[in-house]
Novice: 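One structure, as C-alpha cells, below. Some questions next.
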Amino acid sequence: MPELPEVETIARTLRPALVGETILTADLRWARSLASPSARKFKEQIQGQNILAVSRRAKFLNLQLSTLREPQGRPFNLFVHLRMSGDLYIKKADAVPEKHDRLRLTLSNDKLLVFNDTRKFGRVWLTDDPESVIGRLGPEPFSDEFTPQWLYDNLRRHHRQLKPLLLDQTFLAGLGNIYTDESLHRARLHPLAASDAVKLKQAERLHEAIRAVLAEGIRRNGASIDWVYRGGEFQNFFRVYDREGKPCPVCRTKIQRLVVGQRGTHVCPKCQKM
DNA sequence: ATAAACGCCTGACGGC
DNA sequence: TGCCGTCAGGCGTTTA
C-alpha cells in the first residue's frame with residue numbers, strides 16, 4: 001500500500017491522537033506480524049510505554065517511547081512497516097476486532113491503536129536499537145543530503161536500471177512503485193535507462209521531479225487505490241501510473257505498461273526515450 | 001555487482 | 001454461479 005506520502009499522511013494523522021498516550025496492553029492476533037522481539041518480550045516491554053513522538057523514516061512509522069521502568073537503559077522505539085496492505089488507525093477501546101486486525105494496542109483514554117493488514121506482509125519491531133531496523137536506508141528525499149549533485153554522483157556509482165535503483169531503499173528512502181513511475185515521467189527518463197548513463201541535466205530534472213511528485217502526494221494526503229481508501233486524493237492526479245492506454249497528459253500519446261524488476265511500470269513512449 | 005525468480009498473503013477483477 | 005489466471009502501493013532470500 002503505502003509509500004512515503006501515504007506513511008507521512010498517517011504519521012501526521014496519528015500524531016495528535018497518540019502523543020502523550022500510554023500503551024497499556026498488546027493483543028497480537030497474527031504472530032508473524034511481529035518481526036522482533038518474541039511475543040512474550042514484546043507484551044512485557046510495550047506495557048506502560050509512553051508515546052513521546054510519532055515520526056516517519058522512509059516508509060517506516062516510528063513511535064518514540066519512554067518509560068519510568070529503565071531510566072538508565074536506552075528508550076524503546078516501535079517501528080511499523082505497512083508493506084502492501086497495512087494500515088494503522090485509532091479506534092475506541094471497545095471496538096470489535098476486524099478480520100485483518102493483526103495487532104491491537106490499548107491506550108489510556110479508552111483508545112486503541114490498530115494495525116490492520118490484509119495480506120500479512122507488514123511488520124512491527126520494538127527495539128532499543130533503531131539502527132538495527134532503519135540503519136541501512138538511503139537519504140530522505142527532503143533532506144539536505146539529497147541534492148542534484150548527490151543524485152548524479154550516486155546514480156553514476158552504480159550500473160543499474162534506473163527504476164529498480166530508485167526503488168532500492170538503501171539507495172534513496174521512500175519511493176515505491178507509484179511515485180517512481182510518476183517521477184520518471186516528470187523527469188522524462190526511461191525506467192530501463194542505465195543509471196551510469198544519466199547526464200547531470202537529467203539528474204537535476206529527476207531530483208526536481210522526485211521532490212515535486214512526493215510533495216504533491218503529501219499535499220493530497222497520499223493515494224488511495226485498490227480496496228484501501230484512507231481519504232487521500234492523489235490517485236486522481238496520476239499522470240502515468242495505472243493509466244495504460246490513456247493519453248499522456250503532456251503529449252497525448254497512449255501510456256504503455258511494461259514490467260521492470262517484476263513491477264508493473266508505466267511510461268509515455270514519446271516523452272520517455274531510452 | 002546486478003538482476004531475475006520466487007516466496008510471503010489475501011482479495012478483486014475479467015474471461016470463460 | 002463458479003473456476004481460473006492475473007494483478008496489486010513491498011521486500012527478503014536464493015539463484016544465475
Side-chain angles (χ1 to χ4, degrees), chain A residues 1-11 29-36 56-61 79-88 98-103 115-125 132-138 141 154-184 191-197 210 213-214 216-218 220-245 257-266:
Chain A
M1 165 166 68
E3 308 180 30
L4 186 156
E6 288 73 31
V7 180
E8 180 64 29
T9 299
I10 292 174
R29 307 175 69 82
W30 179 254
R32 295 171 66 180
S33 294
L34 182 61
S36 78
R56 176 196 60 73
R57 170 76 171 104
K59 303 174 193 172
F60 292 85
L61 274 150
F79 288 101
V80 179
H81 198 304
L82 303 170
R83 293 280 177 94
M84 290 289 266
S85 62
D87 204 355
L88 210 48
E98 288 183 45
K99 186 175 179 185
H100 303 303
D101 286 356
R102 306 306 178 192
L103 175 66
F115 171 55
N116 181 283
D117 182 23
T118 301
R119 292 177 70 183
K120 300 178 176 170
F121 291 163
R123 291 291 180 267
V124 174
W125 296 256
S132 67
V133 179
I134 58 170
R136 298 194 60 241
L137 293 168
N154 284 278
L155 286 173
R156 298 193 69 94
R157 195 160 291 162
H158 298 272
H159 180 66
R160 301 270 303 269
Q161 298 166 342
L162 215 38
K163 176 166 172 174
L165 183 55
L166 294 174
L167 286 172
D168 185 340
Q169 301 296 298
T170 68
F171 179 77
L172 180 64
L175 287 179
N177 208 33
I178 293 175
Y179 293 91
T180 301
D181 279 7
E182 295 293 319
S183 296
L184 288 169
L192 286 170
S195 62
D196 51 356
I210 288 168
V213 164
L214 290 175
E216 185 182 0
I218 292 170
R220 301 198 185 280
N221 299 314
S224 300
I225 63 168
D226 295 342
W227 66 95
V228 184
Y229 181 76
R230 264 196 318 271
E233 294 297 335
F234 188 58
Q235 68 278 8
N236 299 323
F237 299 89
F238 291 162
R239 295 182 180 202
V240 285
Y241 182 81
D242 200 24
R243 296 194 66 247
E244 182 182 15
R257 181 184 184 275
L258 51 152
V259 175
V260 178
Q262 292 88 240
R263 310 298 301 276
T265 298
H266 310 79

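Convention: sequence-line order gives letters A, B, ...; per-chain numbering from 1.
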Novice: Would you say H158(A) reaches dA1(B)'s phosphate, i.e. side-chain N/O to OP1/OP2 under 4.0 Å?
Specialist: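 False: H158(A) side-chain N/O out of range (4.0 Å or more) of dA1(B) OP1/OP2.
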
Novice: Once you round it to whole Å, what is the distance between P of dG7(B) and CZ of R119(A)?
Specialist: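 Nearest whole value for this atom pair: 15 Å.
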
Novice: How many whole angstroms separate atom CG of N154(A) from atom P of dA1(B)?
Specialist: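 Between P of dA1(B) and CG of N154(A): 15 Å.
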
Novice: Could you tell me whether G264(A) contacts a base, only the sugar-phosphate backbone, or nothing, with contacts defined as non-hydrogen atoms closer than 4.0 Å?
Specialist: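 The residue G264(A) makes sugar-phosphate contact but no base contact.
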
Novice: Salt-bridge test for K163(A) and D181(A): reply yes if a basic N is under 4.0 Å from a carboxylate O, no otherwise.
Specialist: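 D181(A) and K163(A): salt-bridged.
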
Novice: Rounding to an integer number of Å, can you tell me how far L166(A) CG sits from dA3(B) P?
Specialist: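 Distance check: L166(A) CG to dA3(B) P gives 12 Å.
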
Novice: How would you label the contact of K99(A) with the nucleic acid (heavy atoms, under 4.0 Å): base, sugar-phosphate, or nothing?
Specialist: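 It contacts sugar-phosphate atoms only.
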
Novice: Counting only N and O atoms by type, is there a donor-acceptor contact under 3.5 Å from the side chain of R102(A) to the main-chain atoms of R32(A)?
Specialist: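 Absent.
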
Novice: Send over the distance from D168(A) CG to dA1(B) P, rounded to a whole Å.
Specialist: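 From D168(A) CG to dA1(B) P: 12 Å.
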
Novice: So, does H158(A) use its side chain to make a donor-acceptor pair with the main chain of R160(A) at under 3.5 Å?
Specialist: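 Not a single qualifying donor-acceptor pair exists.
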
Novice: Looking at H100(A), does any N or O in its side chain come under 4.0 Å of the phosphate oxygens OP1/OP2 on dC9(B)?
Specialist: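 No, because none of the side-chain N or O atoms of H100(A) sits under 4.0 Å from OP1 or OP2 of dC9(B).
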
Novice: In whole Å, what is the span from the CG atom of L167(A) to the P atom of dG12(C)?
Specialist: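 Atom CG in L167(A) sits about 13 Å away from atom P in dG12(C).
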
Novice: Looking at dC7(C), dC11(C), dC9(B), which one has an atom nearest to any side-chain atom of Q169(A)?
Specialist: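 Among the listed nucleotides, the one closest to the side chain of Q169(A) is dC11(C).
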
Novice: Please report the shortest heavy-atom distance between T9(A) and G222(A), naming the atom on each side.
Specialist: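 Where T9(A) meets G222(A) most closely, the heavy atoms are OG1-N, 3.7 Å.
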
Novice: Whole angstrom is fine here: how far is it from CG in L82(A) over to P in dT10(B)?
Specialist: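 These atoms are roughly 18 Å apart.
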
Novice: Ignoring hydrogens and angles, are the base of dA3(B) and the side chain of R160(A) linked by a donor-acceptor pair under 3.5 Å?
Specialist: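 Side chain to base: no pair below 3.5 Å.
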
Novice: Should F121(A) be counted as stacked on dC8(B), where stacking needs a ring-centre gap under 5.5 Å and an angle between planes under 30 degrees?
Specialist: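 A stacking contact exists, since F121(A) sits close and nearly parallel to the base ring of dC8(B).
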
Novice: Mind calculating the distance between CG (D117(A)) and C1' (dA8(C)) to the nearest angstrom?
Specialist: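 So the CG-C1' distance, D117(A) to dA8(C), works out to 13 Å.
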
Novice: With the side chain counted from C-beta on, respond yes when L175(A) and I210(A) share a heavy-atom pair under 4.5 Å apart, and no when they do not.
Specialist: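 Contact flag for L175(A)/I210(A) side chains = yes.
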
Novice: To the nearest angstrom, how far is R83(A) atom CZ from dG7(B) atom P?
Specialist: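 The distance from CZ of R83(A) to P of dG7(B) comes to 17 Å, rounded to the nearest Å.
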
Novice: Between which residue ranges does DNA chain B form stems of three or more consecutive Watson-Crick or G-U wobble pairs, both distances under 3.5 Å?
Specialist: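 Listed by first number, the stems are B:2-8 with C:10-16, B:10-16 with C:2-8.
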
Novice: Return yes if a side-chain donor-acceptor contact under 3.5 Å exists between E6(A) and Y179(A), otherwise no.
Specialist: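 Side-chain D/A pair, E6(A) to Y179(A): present.
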
Novice: Does a side-chain N or O from R102(A) land closer than 4.0 Å to OP1 or OP2 of dC9(B), or not?
Specialist: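 Checking R102(A) against dC9(B): no side-chain N or O falls below 4.0 Å of OP1 or OP2.
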
Novice: Can you tell me if Q161(A) touches the phosphate of dA4(B), counting only side-chain N or O atoms and a distance under 4.0 Å to OP1 or OP2?
Specialist: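 Affirmative; the distance criterion is met.
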
Novice: Kindly point out which of dC11(C), dA4(B), dT10(B) is positioned nearest to the side chain of T118(A)?
Specialist: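 Of all the options, the side chain of T118(A) is nearest to dT10(B).
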
Novice: Are the aromatic ring centres of F238(A) and H266(A) under 6.0 angstrom apart?
Specialist: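 Between H266(A) and F238(A), which both carry aromatic rings, the centre distance is not below 6.0 Å.
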
Novice: Roughly how many Å apart are dG2(C) and dC9(B), using the C1' atom of each and rounding to a whole number?
Specialist: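 The answer is 22 Å between these two C1' atoms.
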
Novice: For the residue pair A58(A) and Q169(A), what are the closest heavy atoms and their distance?
Specialist: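 Nearest pair, atom of A58(A) first, then Q169(A): CB-OE1, 4.2 Å.
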
Novice: When the P atoms of dG5(C) and dC6(B) are compared, how many Å lie between them, rounded to an integer?
Specialist: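 It works out to 16 Å between them.
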
Novice: Report yes if at least one side-chain N or O of K59(A) is closer than 4.0 Å to OP1 or OP2 of dC11(C); otherwise report no.
Specialist: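 Answer yes for this pair, as a side-chain N or O of K59(A) is under 4.0 Å from OP1 or OP2.
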
Novice: Does Y241(A) reach a base, just sugar-phosphate, or nothing at all? Heavy atoms under 4.0 Å.
Specialist: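 The residue Y241(A) makes sugar-phosphate contact but no base contact.
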
Novice: For side-chain contact (heavy atoms from CB on, under 4.5 Å), just list the numbers for F79(A) and I134(A), CA-CA rounded to whole Å, side-chain angles, deciding distance to a tenth of an Å, and then say yes or no.
Specialist: CA-CA 9 Å; F79(A) 288 101; I134(A) 58 170; 3.9 Å; yes

Novice: Give a yes/no answer on whether the side chain of R32(A) brings an N or O atom under 4.0 Å of OP1 or OP2 in dC9(B).
Specialist: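 For dC9(B), OP1 or OP2 has a side-chain N or O of R32(A) closer than 4.0 Å.
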
Novice: State whether K120(A) places a side-chain N or O below 4.0 Å from either non-bridging phosphate oxygen (OP1 or OP2) of dT10(B).
Specialist: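 Indeed, a polar side-chain atom of K120(A) lies that close.
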
Novice: Students often get this wrong, so: under 4.0 angstrom with heavy atoms, is R257(A) touching a base, only sugar-phosphate, or nothing?
Specialist: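 It contacts sugar-phosphate atoms only.
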
